[in-house]
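Notes follow once the structure below has been shown.
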Number of protein chains: 2
Amino acid sequence: MQPISIILADAQYLIRVGLRHLMDRMDDIEIVGEAKNGVDLKILLKNQSPDVVILDHLQTNNFGNDVLKKIKDFSPKSKVLIISSDDDKTNIYKTIESGVNSFLTKQCNEEEILNAIRATAKGEKFFCSKVLNFILEKSFAKEEDCDPSPLSPRECEVVKLVAEGKIAKEIADILNLSTHTIYTHRKNIMKKLQLSSTSELVRYAITNGLVTP
Amino acid sequence: MQPISIILADAQYLIRVGLRHLMDRMDDIEIVGEAKNGVDLKILLKNQSPDVVILDHLQTNNFGNDVLKKIKDFSPKSKVLIISSDDDKTNIYKTIESGVNSFLTKQCNEEEILNAIRATAKGEKFFCSKVLNFILEKSFAKEEDCDPSPLSPRECEVVKLVAEGKIAKEIADILNLSTHTIYTHRKNIMKKLQLSSTSELVRYAITNGLVTP
DNA sequence: TGTTTAATTAGACAAATTCTAAATAATGTG
DNA sequence: CACATTATTTAGAATTTGTCTAATTAAACA
């Protein structure tokens with residue numbers, strides 16, 4: 001039976017040493033290449049098609065944003081196992097969404113890592129407990145924020161203009177409305193979002209990406 | 001001649017494996033203990049006093065904020081070598097300021113790591129090239145942003161309260177001043193910062209870290 | 001077809017802000 | 001020390017902005 005072939009793509013030297021040390025002891029796993037950046041990885045993938053690419057493409061941008069696409073282009077049969085140095089939920093969500101097979105963080109222990117490699121090679125998905133909890137949290141915390149923006153289109157326009165620093169009169173001029181209309185909209189918005197001041201509205205708009213700070 | 005004694009304190013299993021693998025091959029270096037969190041470390045330090053503690057106390061908070069102080073308390077002669085998974089300049093500055101001997105990032109290669117350990121054991125300081133560049137940048141990039149905040153202390157207070165959503169009257173009550181005082185401060189602030197609306201002031205405060213969004 | 005939601009507006013009144021002007025204390029400069 | 005600058009403070013009048021109450025129109029919905 002063929003061992004599982006692995007390409008190791010991680011910018012951190014120590015992680016590569018650690019993983020190699022771990023896998024060298026396993027008869028069913030063989031590292032066929034090691035890359036410390038996207039260029040290395042591309043060259044390796046041109047010549048071989050590993051079962052699994054173990055990748056840390058976050059934290060430092062050594063592997064570029066399109067690294068996953070590149071891997072699929074050069075070696076469509078390869079599975080991708082992320083071992084991330086980044087604990088940020090949003091980044092983890094983004095990466096999982098972009099279609100990796102498995103996801104570990106660097107806090108994982110030997111057992112989880114080896115299980116993950118073997119599962120990934122079989123085409124299964126594997127998430128370490130920490131990441132799994134994040135996923136569950138995202139999927140089931142729907143009661144909390146099922147409401148990304150309960151604002152009507154018109155209200156959104158008003159919020160944006162308010163956050164840009166416009167006062168009611170200016171907004172009224174821009175939208176060709178009465179100032180009273182703007183006041184009413186603004187009051188309704190604040191009520192919906194449970195805000196009590198214009199400044200809070202500005203902060204809401206910034207944190208929700210309605211305007212660029 | 002005695003080998004350099006090391007305690008390895010890192011929450012990441014792979015980093016510990018990698019470092020151990022690296023150091024086991026060196027005759028002049030001996031790992032006398034391994035800790036994956038602050039509690040482990042404390043127990044180790046009660047029983048031994050290593051030449052060097054290799055520590056990652058950032059990223060995850062496994063080692064607590066006062067870990068450096070703890071090390072100095074339990075084992076004053078030990079030197080601290082940080083191998084950080086965190087690339088954030090501000091965090092790096094903060095850690096260096098708090099008095100560690102040496103600082104590497106996890107991007108460093110074998111040579112830098114071994115040099116760092118040997119230098120640190122001798123009581124020297126060692127910073128990897130990346131960190132060194134950060135330090136230089138901080139020390140010599142004074143012409144660029146000599147002006148982090150041209151606001152007077154009082155004006156800063158006012159900005160914060162404005163950004164928190166308070167109106168002039170509330171701020172006046174909080175600071176025990178006349179509303180007119182607040183108006184004047186606010187006008188001066190906006191003039192200094194070349195802002196034309198309260199919303200812009202809020203955004204200024206957020207982007208400059210005066211308030212947490 | 002009635003009901004809900006979105007969008008719109010006015011008038012009276014209340015509140016917040018601007019403008020003009022100025023006083024005091026602290027700090028720094030020649 | 002005298003002078004200039006800056007920080008901090010304040011008032012009154014005039015103006016602007018916003019709130020509250022109430023209502024109309026249009027669209028969407030069941």
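Protein chains get the first letters and strands the later ones, always in sequence-line order, with residue 1 at the start of each.
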(message) Quick one: does any side-chain atom of E170(B) pair with a main-chain N or O of I167(B) as donor and acceptor, under 3.5 Å?
(response) yes
Would you kindly give the [atom1]-to-[atom2] distance between [X] and [N], to the nearest whole Å?
X       : N       : atom1 : atom2 : result
E155(B) : dT8(D)  : CD    : C1'   : 9 Å
I189(A) : dA6(C)  : CD1   : P     : 12 Å
L151(B) : dT6(D)  : CG    : C1'   : 14 Å
I182(B) : dT8(D)  : CD1   : C1'   : 11 Å
N188(B) : dT5(D)  : CG    : C1'   : 14 Å
L177(A) : dA7(C)  : CG    : P     : 11 Å
I171(B) : dT10(D) : CD1   : P     : 14 Å
K192(B) : dT5(D)  : NZ    : C1'   : 12 Å

(request) Evaluate whether atom NZ of K77(A) has more than 12 neighbouring non-hydrogen atoms of other residues, nucleotides or ligands under 6.0 angstrom away. (result)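 Counting neighbours around NZ of K77(A), more than 12 heavy atoms of other residues, nucleotides or ligands fall under 6.0 Å, so yes.
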(message) So if I define the base as every atom that isn't primed, P, OP1 or OP2, how would nucleotides 14-30 of chain D read as a B/S/- string at a heavy-atom cutoff under 4.0 Å?
(response) ---SBBSB---------
(request) Show your working on side chain to side chain contact (heavy atoms under 4.5 Å, CB included) between E110(B) and Y13(A) and close with a plain yes or no. (result) CA-CA 7 Å; E110(B) 174 170 354; Y13(A) 169 76; 2.7 Å; yes
Is the shortest side-chain N/O distance from [X] to OP1 or OP2 of [N] below 4.0 Å?
X       : N      : answer
S152(A) : dA6(C) : no
T181(A) : dA7(C) : no
H185(A) : dA7(C) : no

(message) What's the closest nucleotide to the side chain of S178(B) if the choices are dA7(C), dT10(D), dT9(D)?
(response)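 The nucleotide sitting nearest to the side chain is dT10(D).
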Closer than 4.0 angstrom, basic N to acidic O: yes or no for [X] and [Y]?
X       : Y       : result
K106(B) : D10(B)  : yes
E157(B) : R154(B) : yes
R203(A) : E200(A) : no

(request) With the side chain counted from C-beta on, respond yes when L55(B) and I7(B) share a heavy-atom pair under 4.5 Å apart, and no when they do not. (result) no
(message) Taking salt bridge (charged side-chain N to carboxylate O under 4.0 Å, His left out) as the definition, give me every residue that meets it alongside R186(B), ordered by chain and number, with sequence neighbours left out.
(response) none
(request) Output, in order, the C-alpha distance, side-chain angles, deciding distance and verdict of side-chain hydrogen bond (donor to acceptor under 3.5 Å, both in side chains) for D51(B) and S5(B). (result) CA-CA 5 Å; D51(B) 296 317; S5(B) 59; 3.3 Å; yes
(request) Rounding to 10 degrees, work out the angle separating the end axes of the helix from dT1(C)-dA30(D) to dG30(C)-dC1(D) (five pairs an end). (result)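 Roughly 50° between the end axes, to the nearest 10°.
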